[in-house]
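For reference, the structure is listed below as C-alpha cells.
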Amino acid sequence: MTFLKMPNYDIHIEEGGLTHLAKHIKSIYEFDDLFVVTDQNVFDLYHEKLIQSLIGFHLSFVVLPPGEKTKSLDVYHQAIQTLIEKGIKRNHLILAFGGGVIGDLTGFIASTLYRGIPYIQIPTTLLAQVDSSIGGKVGIDLKEGKNLIGSFYDPKFVLIDPNLLKTLPKREYVNGLAEMIKAGLIGDKKLYHYLLENDTVTETEIAESILVKRNVVLLDPYDKKERMYLNFGHTFGHAIEKKHQYETYLHGEAISYGMLIALQIGIHIDETKQELYHEVKELLLKRGLVKEPLLEMEDYRDEIIHDKKFLADGLNFIIVTKPGDVKIVKLKEIDML
Ligand SMILES: NC(=O)c1ccc[n+]([C@@H]2O[C@H](COP(=O)([O-])OP(=O)(O)OC[C@H]3O[C@@H](n4cnc5c(N)ncnc54)[C@H](O)[C@@H]3O)[C@@H](O)[C@H]2O)c1
C-alpha cells in the first residue's frame with residue numbers, strides 16, 4: 001500500500017483497496033447515506049463489489065451513460081435533480097466512481113450543489129488514477145469547447161485500486177500509459193525507463209506518476225506557472241483532438257503525437273537530442289499510441305498560431321531537454337516554420 005499526502009487530502013493506492021473503502025470513509029464521515037455517481041459500464045462491472053465493501057451504509061446510485069458527452073450541462077442538471085430526489089443533504093458524501101468523465105462531472109456537482117458537498121474520488125481508469133483524480137480540477141464541457149466550465153475542488157480523499165484496471169479495454173489502458181510516459185519525460189527518468197521496457201504498470205509506477213503531478217501541482221495549485229509543465233505534448237494534442245471533433249483520437253493518443261511534435265520542436269531549437277525523439281517514437285509506436293505515417297505539425301500549425309494562448313510575444317511551450325528535465329520556452333511563429 002502506498003500513501004501520498006496532498007495539502008487537503010490523502011491518496012491511498014492499494015491493490016484490492018476497494019475492500020477497505022468503508023474504513024477510509026468512516027475516518028472522515030459520520031453518516032450512513034452515500035451517493036454514488038458512476039457510469040453504466042462501471043456500474044455493471046463493479047456495483048456488487050462496491051455494495052459488498054460498503055455493508056452497513058445506505059447507497060443511492062446515479063448511473064450515467066458512459067463517454068465524454070456525459071460531461072455536459074444537461075447531464076449535470078439531470079444528475080443533480082436525481083441526487084435531490086434521492087434526498088441528498090449538504091453534509092452527505094458523494095462518491096465519484098468511474099473514469100475521468102465521472103470524476104470531473106461529479107467533482108463539479110460536488111463543488112456547486114448547495115455551494116459545496118464533500119466528495120471522494122475512486123478512479124477506475126488508468127488515466128483517472130494517474131491524472132484526472134489528482135489536482136482538484138473539476139468541470140464539464142460546452143459545445144464551444146472542452147472543460148470550459150469548472151472549478152478547483154478537492155476531494156476528501158482519493159482511493160486508487162489498480163485491480164479495477166483488469167477489466168479496462170486495452171485501448172483505454174494504453175491511453176493512461178501515455179500520460180505516464182509524459183510524467184516520466186517531464187519529471188521522473190526512472191519511471192520513463194520502466195515504461196520503455198514494460199507495457200503494464202503496478203501500484204509503484206502509478207504512485208511515481210502521481211508524484212510527478214503532485215509536485216508540480218503543489219508548486220502551482222491554481223495553474224499559473226509550473227503546472228504548465230504538465231502540458232508537455234498537450235498544445236498540439238489539444239489541437240489534434242479538436243480538429244478531429246474529439247472522436248478519432250483518445251486523449252492519450254492525441255498527446256502522444258503532440259509529444260513527438262514537441263520533441264521535434266525541441267530539436268529544431270537545439271534543446272532536445274534526435275536520439276530521444278527516436279526512442280520515444282519507437283515506444284509510442286510499440287504501445288499502439290501512434291501510427292505511421294505520423295500526424296505532422298504542418299497540419300495543426302494554424303490551430304496553434306490562432307489559439308488565444310498564442311500572444312503577441314509568442315506561445316509558452318514545454319520542451320523536454322532530456323528525460324526528467326523540462327523547460328518553458330517562448331515559441332515564435334518563426335520557430336514553427
Ligand atoms: N481533471 C483533470 O485534471 C483531468 C486531467 C486529465 C483528463 N481529464 C478528463 O478525463 C476525461 C477522460 O477520462 P477517461 O479517459 O478515464 O475516460 P472515461 O471516464 O470516459 O472512461 C473511458 C471508458 O472506460 C470505461 N471504464 C471506466 N472504468 C472502467 C473499468 N475499470 N473497466 C472497464 N471499463 C471502464 C468507461 O465506462 C468509459 O467507457 C476527459 O473528460 C478529460 O477531460 C481531466
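Along the sequence shown, residues are numbered consecutively beginning with 1. Just so you know, these numbers come straight off a predicted model, no measurement behind them. One-based numbering, in listed order, for ligands and for the atoms of each.
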Who's the nearest protein heavy-atom neighbour of atom 36 (C) of ligand 1, and how far? D39 OD2, 3.3 Å
To check your reading of the model: name the closest protein heavy atom to atom 30 (C) of ligand 1, its residue, and the distance in Å. T167 OG1, 3.5 Å
I'd like a table of donor-acceptor pairs (distance under 3.5 Å, sequence neighbours excluded) in which one partner is a side-chain atom from residues 73-82, with atom names and distances.
unit_1 : atom_1 : unit_2 : atom_2 : d
Y76    : OH     : T112   : OG1    : 2.8
T82    : OG1    : Q78    : O      : 2.9

Can you spot which of T167, T38, T124 makes a side chain to side chain donor-acceptor pair (under 3.5 Å) with Y46? T167
Cationic tip of K330 above F317 ring, under 6.0 Å, 45° of axis: no
Just need the protein heavy atom nearest to atom 8 (N) of ligand 1, so name the residue and atom and give the distance. S132 CB, 3.5 Å
Around atom 3 (O) of ligand 1, find the nearest protein heavy atom and jot down its residue, atom name and distance. K213 NZ, 3.6 Å
shortest atom 18 (P) of ligand 1-to-protein heavy-atom contact is with V101 CG2, 3.9 Å
Protein heavy atom at shortest distance from atom 27 (C) of ligand 1: T125 CG2, 3.3 Å
If you have a sec, work out which protein heavy atom is nearest atom 9 (C) of ligand 1 and how many Å separate them, to one decimal? D104 OD2, 3.3 Å
Return the closest protein heavy atom for atom 39 (O) of ligand 1 as residue, atom name and distance. N41 ND2, 3.2 Å
Set of side-chain contact (heavy atoms from CB on, under 4.5 Å) partners for K89, sequence neighbours left out: N91, H92
